[in-house]
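Below is one structure, written out as structure tokens; the observations come after it.
Here is how names work: the chains are called A, B, and so on, in the same order as the sequence lines, proteins then strands, and each is numbered from 1. Quick note: numbers below take in every heavy atom, side chains included, and nothing from hydrogens, waters or symmetry partners.
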Number of protein chains: 2
Amino acid sequence: MLKRSSKGIKKINIKKKTTIKDIANVLNISAAAVSKALHDDSRISAKTKKAVKQVAKNLNYQPNHLASALRSGKSNLVGVIVPRTNSNFFSSVIQSMEEVLNKEGYNIIITQSNESYKKECDSIDTLLFTQVDGIIASMANETVDLKHFEKVKSKGIPLILFDRGENDLNVDYIGINDYQSSHMIVEHLVKQGCKRIAHIGGFKRTRIFNNRIKGYIDALKKHQLPLDDELLIESSLTIKEGRKKMAELLQLKHRPDAVYVAGDYAALGALQVMNEQNINMPNDIALVGFGNEPFTAMVTPSITSIEQHSTDIGKQAAKTFLAYTEKTNIKQKLNKIILDAELVVRDSSKKEQ
Amino acid sequence: MLKRSSKGIKKINIKKKTTIKDIANVLNISAAAVSKALHDDSRISAKTKKAVKQVAKNLNYQPNHLASALRSGKSNLVGVIVPRTNSNFFSSVIQSMEEVLNKEGYNIIITQSNESYKKECDSIDTLLFTQVDGIIASMANETVDLKHFEKVKSKGIPLILFDRGENDLNVDYIGINDYQSSHMIVEHLVKQGCKRIAHIGGFKRTRIFNNRIKGYIDALKKHQLPLDDELLIESSLTIKEGRKKMAELLQLKHRPDAVYVAGDYAALGALQVMNEQNINMPNDIALVGFGNEPFTAMVTPSITSIEQHSTDIGKQAAKTFLAYTEKTNIKQKLNKIILDAELVVRDSSKKEQ
DNA sequence: GAATAATGGTTAAACGTTTAAACAACTATT
DNA sequence: AATAGTTGTTTAAACGTTTAACCATTATTC
């Protein structure tokens, strides 16, 4: 309550934030003029602008984001939804998106779906509630129903998907060429002399995994290798599933001499099982993963994998969002960006010649 | 511009969001009454409340967060700053914080400092700009100067630190008992018969690492083991540094028979070097890490480590923040919560008896 | 049956900006 | 000298809520 300091009583610091109005009072001009000056409006004289900015600095003025967002209808916030942040791929995508967006005055809000459909819906509600100006997302594994994404679109809020997307949604998408990546992997394995290549894939219903499966099949055909049903397995690609499916493959009368796993975590599970059973990698069985998570280089043997250029993906996703915010926003056509991936060959598949 | 559909012209969906006012109009009551009804104000009759809620649902009303935040001065947003999300510890802390906070109507904004002091400052500015109601942070490795945190405090915004904190700041803190954890580790190694235990620690200037060092020293003394300067090393605890420091230890005339590394990533580096040099773990040299990152269980040999109960830390941090928001907020005293950690023994230190 | 209390609202201002429209004081044009 | 244009500013409304203060009924009390 006390505003002035008085003897013996410590000055109570009333943290009244300085507003545009305070600046106006100091200079004896209107609040509107201050607002315009701060935004470099052409109708304000250079002299006034300079004075306003000086006073703003002196009073340590910080614009009230809520007020301007309310008035202008723009929050300058972008929502990001990822299955989890705890993966090098996602955290690195986020980092590069952030970099691009911050530069343009946008901040990001990160939420995790934890691969759960329900949490994904909640995340969307949260973000809409926070009045984000756009949403960049990668779908949860569980997600089949797309109503919640439709909702975003129907509100006129830009929606950009990356990595895990859906064609039916008809939104912007940034990802890598999964089909071609599978080709690269199979080709590499063939070169190493492998003739019986298994694939522990993701669920076909998810487009990227379906593409990897298709690429695998077509590449086998191309090299006139037999396509054996028991060598093509669908799974959720967790470590546990990787272990289980690998164990199943090892039960086969006619074992594969290479296993291509559509995700690094599942590949790790497979590696563990093979290590436990003293299988020589790559000579008995070669192993390839997908995603180039850092641990692929750490384990023994190190795992060959696909680098997805997360930094590029993040950058492109951010730019795609920014395109919506530009004034010259005349019926922008959808952006479908497919980046080329890169095979990183490591011990698990590199046979000595 | 078109609001009504006319023949041949597709209805243009004007996405006018429904407001409290729309609801009021439908029911022929005041907007204020609607607001109160939605907040279950006691001055509104049950009948009216029911009607309001029904109409709100029908019109698909979504409260405008910006407006309420502006008016009430509360954004219901909590800012979180972590060195990186790409670590199981941090992502798991975040997840449990989120859970607690969401339940109370708060959403979180995550930002990463990337262990950089400058980015940490930027993050704070970003969060203050977004008018968060509080900040929960873990300090970057680089951070020494604490002005940016003082700024938060001086604005009267609750600041809670976890894991990497600073005593001088005089803010709430949640972490584990680093000193005691070191004791547990040394004790475990002694039990395994180790007599020359090295410590690759973090920088002394960071309190948690200093505590680990102190714990290490005191535990050695307690067991009357020699404290050898060349066995106590400071480092930044990256994988690379772990490799380097381990290589140095192996150069010693009198090698250690156990190495306790204050971070899992550095421990991994140490492990790689020892594997490369065909050192038998744990029999030649036992290895212990800190943090219980998932990969510690994946590598060969699996690494003994300290579980920090990230879920608890997150929960406590969130609760500490919530305590500030309660009305009965009479000069709350600082919360310093120190949780007990747990030693997870794995192959890298478990000698066969 | 007058005073008091309880109930269930309404009014209007406020939060800090932005912005369309109005206006005043010049300068330039015819 | 009248008109138009330019420049730099002010006014006032608006964004969608929340909330203090007020008011009108109806119920309760003695």
Side-chain angles (χ1 to χ4, degrees), chain A residues 14-53 55-56 59-77 105 128-133 155 327, chain B residues 14-53 55-56 59-77 105 128-131 133 155 325 327:
Chain A
I14 302 271
K15 291 140 189 144
K16 199 78 174 47
K17 280 176 193 155
T18 63
T19 75
I20 224 173
K21 209 140 197 230
D22 299 325
I23 301 178
N25 284 338
V26 170
L27 293 170
N28 251 327
I29 58 176
S30 72
V34 173
S35 171
K36 286 180 180 160
L38 290 172
H39 287 89
D40 272 328
D41 189 297
S42 64
R43 309 297 304 271
I44 299 292
S45 70
K47 185 183 325 171
T48 311
K49 279 180 191 169
K50 206 172 158 189
V52 166
K53 282 172 188 171
V55 174
L59 298 184
N60 191 24
Y61 168 72
Q62 299 260 152
N64 185 324
H65 157 255
L66 296 171
S68 65
L70 172 60
R71 174 61 230 246
S72 65
K74 302 270 98 194
S75 69
N76 274 36
L77 251 30
L128 291 179
F129 171 75
T130 318
Q131 324 282 128
V132 294
D133 290 346
K155 294 210 178 234
K327 281 112 204 183
Chain B
I14 302 271
K15 290 138 190 148
K16 200 76 174 53
K17 279 176 196 157
T18 63
T19 75
I20 225 175
K21 204 134 203 239
D22 299 326
I23 301 177
N25 284 339
V26 171
L27 293 170
N28 251 326
I29 58 178
S30 72
V34 174
S35 170
K36 286 179 181 164
L38 290 173
H39 287 89
D40 273 328
D41 189 296
S42 62
R43 308 300 303 272
I44 300 293
S45 71
K47 186 184 321 169
T48 311
K49 280 180 189 169
K50 205 171 158 190
V52 166
K53 283 172 187 172
V55 174
L59 297 184
N60 191 24
Y61 168 73
Q62 299 258 154
N64 184 324
H65 155 254
L66 296 171
S68 64
L70 173 59
R71 175 59 230 247
S72 63
K74 301 270 97 194
S75 70
N76 275 37
L77 251 31
L128 292 178
F129 172 74
T130 319
Q131 325 281 131
D133 291 345
K155 292 208 180 236
T325 68
K327 281 115 204 178

Work out which heavy atom in [X] is nearest to a heavy atom in [Y]; give both atom names and the distance.
| X | Y | value |
| --- | --- | --- |
| A:Gln131 | A:Ser75 | O-OG, 2.6 Å |
| B:Thr48 | B:Ile44 | CB-CG2, 3.8 Å |
| A:Lys53 | A:Asp40 | NZ-OD1, 3.0 Å |
| B:Asn76 | B:Gly105 | ND2-O, 3.1 Å |

Return the value, rounded to whole Å, for the distance between atom [atom1] of [X] and atom [atom2] of [N].
| X | N | atom1 | atom2 | result |
| --- | --- | --- | --- | --- |
| A:Leu27 | D:dT10 | CG | C1' | 15 Å |
| B:Arg43 | C:dT11 | CZ | C1' | 15 Å |
| A:Asn25 | D:dT10 | CG | C1' | 14 Å |
| B:Leu66 | D:dT18 | CG | C1' | 15 Å |
| B:Ile29 | C:dT11 | CD1 | P | 12 Å |
| A:Lys17 | C:dG16 | NZ | P | 9 Å |
| B:Lys21 | C:dT11 | NZ | P | 11 Å |
| A:Ile20 | D:dT10 | CD1 | P | 13 Å |

Quick one: on DNA chain C, does B:Ala32 or A:Ala31 contact a more 5' nucleotide (nearest heavy atom)?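 Upstream on the strand: B:Ala32.
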
Test side-chain contact (heavy atoms from CB on, under 4.5 Å) on B:Ile29 and B:Val52 and set out the steps. CA-CA 10 Å; B:Ile29 58 178; B:Val52 166; 3.9 Å; yes

Looking at side-chain heavy atoms only, is the closest gap between A:Val55 and A:Tyr61 below 4.5 Å?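 In short, these two side chains do not touch, never coming nearer than 4.5 Å.
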
Side-chain contact test, heavy atoms from C-beta onward, threshold under 4.5 Å: evaluate it for A:Arg71 versus B:Leu66 and give yes or no.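 They are not in contact (no side-chain heavy atoms under 4.5 Å apart), so the answer is no.
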
Phosphate-side-chain proximity, [X] and [N], N/O vs OP1/OP2 below 4.0 Å:
| X | N | answer |
| --- | --- | --- |
| A:Thr48 | D:dT9 | yes |
| A:Thr19 | C:dG16 | no |
| A:Ser35 | C:dT18 | yes |
| B:Ser45 | C:dG9 | yes |

Would A:Leu128 and A:Lys155 count as a side-chain contact (heavy atoms from CB on, under 4.5 Å) here? Give the steps. CA-CA 9 Å; A:Leu128 291 179; A:Lys155 294 210 178 234; 4.1 Å; yes

What about A:Lys36: does its side chain form a donor-acceptor pair under 3.5 Å with the base of C:dT17?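 No.
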
With side-chain contact (heavy atoms from CB on, under 4.5 Å) as the test, would you mind laying out the steps for B:Thr18 and B:Ile23 before giving the verdict? CA-CA 8 Å; B:Thr18 63; B:Ile23 301 177; 5.8 Å; no

Near DNA chain C, counting only heavy atoms under 4.0 Å, which residues of residues 68-76 of chain B show up?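 Going residue by residue through residues 68-76 of chain B, the ones with a heavy atom under 4.0 Å of DNA chain C turn out to be B:Leu70, B:Arg71.
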
Are any protein N/O atoms closer than 3.5 Å to N/O atoms in nucleotides 24-28 of chain C? If there are, list each pair with its distance.
none

